[in-house]
Amino acid sequence: MTMEPTKPQKIWQVVHAIPQGKVASYGQVAHMAGLGRQARFVGRALGQLPEGHEVPWFRVIRSSGEIAFPKDSEMFRTQVGLLEAEGVEVVNGRVSMRKYQWQP
DNA sequence: ATCATGACCCCAA
DNA sequence: TTTGGGGCCATGA
């Protein structure tokens, strides 16, 4: 029988649907996953991704357009690299939401 | 049970 | 633009 998706699974499902070259905010993902204002839960869920996943976690950023990791961190550099690789411009750790936000 | 801490957000000033 | 305060809630000390 089919199991009800857990909260993290709902989140991963939404994130998986973000198209290449677009980004979504943590709050946007929370809302789309039916979790209301639990934006923080999205960050937690992305940190719990199992190995071998195909979830484009790097397309999730803050509502302000900023990358959520410290600029001097390895994760920050990784995320910027992945975003730029698919055409998303990152200037000073920030993405233009006006240009790149996913709008289903 | 309490306290602090987060890959956060929104509003007001 | 920046700051401050409240909201949210799982997790670990």
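Each chain gets a letter, A, B and so on, in the order its sequence line appears, and its residues count up from 1.
Using a 4.0 Å heavy-atom criterion, one finds that Ser25(A) contacts the sugar-phosphate atoms exclusively. Using a 4.0 Å heavy-atom distance criterion, Phe41(A) is classed as a sugar-phosphate-only contact. Among the heavy atoms of the strands lying under 4.0 Å from Arg62(A) are primed sugar atoms or P, OP1, OP2 only; no base atom is included.
Rounding to the nearest 0.5 Å gives a distance of 3.5 Å between CD of Glu89(A) and OH of Tyr100(A). Here the CG-NZ distance, from Asn92(A) to Lys71(A), works out to 6.5 Å after rounding to the nearest 0.5 Å.
For the pair Gln38(A) and Arg94(A), nearest-nucleotide mapping onto DNA chain C gives the more 5' position to Arg94(A).
In this structure, CD of Glu66(A) is placed 15 Å from P of dA7(B), rounded to the nearest angstrom. In this structure, CD of Gln28(A) is placed 10 Å from P of dC9(B), rounded to the nearest angstrom. Distance Arg37(A) CZ to dG7(C) P: 11 Å, rounded to the nearest Å. Computed from coordinates, the Leu82(A) CG to dA7(B) C1' distance equals 14 Å when rounded to whole Å. Regarding Asp72(A), its CG atom lies at a distance of 14 Å from the P atom of dA7(B), rounded to whole Å. Computed from coordinates, the Gln48(A) CD to dA10(C) P distance equals 11 Å when rounded to whole Å. Rounded to whole angstrom, the span from the CG atom of Asn92(A) across to the P atom of dT1(C) amounts to 11 Å. As a whole-Å value, the separation of Tyr26(A) OH from dA7(B) P is 9 Å.
Among the nucleotides dA7(B), dC9(C), dC9(B), the one closest to any side-chain atom of Leu46(A) is dA7(B). Relative to the side chain of Ser63(A), the nucleotides dA7(B), dC9(C), dC10(B) differ in distance, and dC10(B) lies closest. Distance from the side chain of Ala39(A) is smallest to dC9(B) among dG6(B), dC9(B), dA7(B).
For dA10(C), one of the phosphate oxygens OP1 or OP2 lies less than 4.0 angstrom from a side-chain nitrogen or oxygen of Lys7(A).
Between Gln13(A) and Gln9(A) there is no side-chain heavy-atom pair separated by less than 4.5 Å.
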Would Phe58(A) and Ile67(A) count as a side-chain contact (heavy atoms from CB on, under 4.5 Å) if you check the C-alpha gap in whole Å, the side-chain angles of each, and the deciding distance to 0.1 Å? CA-CA 9 Å; Phe58(A) 57 90; Ile67(A) 300 268; over 6 Å; no

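Dense packing is recorded around NE2 of His53(A), with more than 12 heavy atoms of other residues, nucleotides or ligands lying under 6.0 Å away.
Spacing between dG5(C) and dA7(B) at atom P, rounded to whole Å, works out to 22 Å.
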